[in-house]
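In listed order, ligands and their atoms are each counted from 1.
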Amino acid sequence: MFILILGAPGSGKGTQGRILAERLGLPKITTGDILRAAMKAGTPLGMQAKKFYDAGKLVPDSVVLGMIKDELARPEAKDGAVLDGFPRTAAQAELVDKTLAERMQRLNHILLLDVTEEELVKRLRARAATEGRSDDTPEAVAERLRVYQMDTAPLIAHYTTRGIVHRVPGIGTVDQIAEEIKRIIGR
Ligand code: ADP
């Protein structure tokens, strides 16, 4: 089973994705983590990504499509995965749809974590103070929220036509939201 966790920056994708992946025994593929590790290690991917990442912009599809392809091809993801942070653009969605279709698979569920902008900004500010991510500066946060609305939110319409989008209210405790996801997926 392939499950995509979709939501604005700060909506809790990482936290809920981790809980869900553990419960279902599926690997979680997190493009943000892969890019952060690549930047830290100074690999060619990381070096290409850094200036976009730090500015809160999407790393161009020309850079990330190959990475996404490789991740989906990993043996651990043969039967399913929880996708966190991608697809995030129309081109990425096309690649994921096509790759899975070739394997007679598909995205089964899309969980849309719905959180108000006010709450997102509050959470990202709190996280900036503790984690020190280079894209948690006020300017980069504003850009990430803008990019989400412009490039990623349109994917909701694309997948809604297939009837696989579930809206999850992102407000409540971590446990309450995890329970709601369990109820929606039915396991
Ligand atoms: P958030 O959703 O809070 O912004 P992520 O860790 O998912 O956190 O993403 C952080 C940054 O990593 C993005 O702003 C972007 O620069 C880069 N990134 C992550 N995933 C992708 C992707 N699929 N395509 C392009 N850039 C990405």
Residue pair Thr89 / Asp151, side-chain donor-acceptor N/O under 3.5 Å:
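The criterion, which ignores hydrogens and geometry beyond distance, is not satisfied for Asp151 and Thr89.
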
Considering residues at least two apart in sequence or located in another chain, which fulfil the side chain to side chain donor-acceptor pair (under 3.5 Å) criterion with Arg36?
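Checked Arg36 against side chain to side chain donor-acceptor pair (under 3.5 Å); matches are Asp33, Tyr53.
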
Those protein residues which place at least one heavy atom below 4.0 Å from ligand 1:
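Only Pro9, Gly10, Lys13, Thr31, Gly32, Leu35, Arg36, Tyr53, Lys57, Leu58, Val59, Val64, Gly85, Phe86, Arg88, Gln92, Arg127, Arg133, Asp135, Arg144 have heavy atoms that fall under 4.0 Å of ligand 1, ordered by chain and number.
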
Quick one: CG on Leu155 to OH on Tyr148, what's the gap to the nearest 0.5 Å?
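One finds 8.5 Å between CG of Leu155 and OH of Tyr148.
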
Is Glu76 atom CD crowded by more than 12 heavy atoms from other residues, nucleotides or ligands, each under 6.0 Å away?
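Above 12, so yes.
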
Under the salt bridge (Lys or Arg N to Asp or Glu O under 4.0 Å) rule, what pairs show up with a residue in residues 22-31, not counting sequence neighbours?
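Output for this query lists Lys28-Asp84.
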
By salt bridge (Lys or Arg N to Asp or Glu O under 4.0 Å) - contacts of Lys69 (at least two apart)
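Salt bridge (Lys or Arg N to Asp or Glu O under 4.0 Å) list for Lys69, sorted by chain: empty.
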
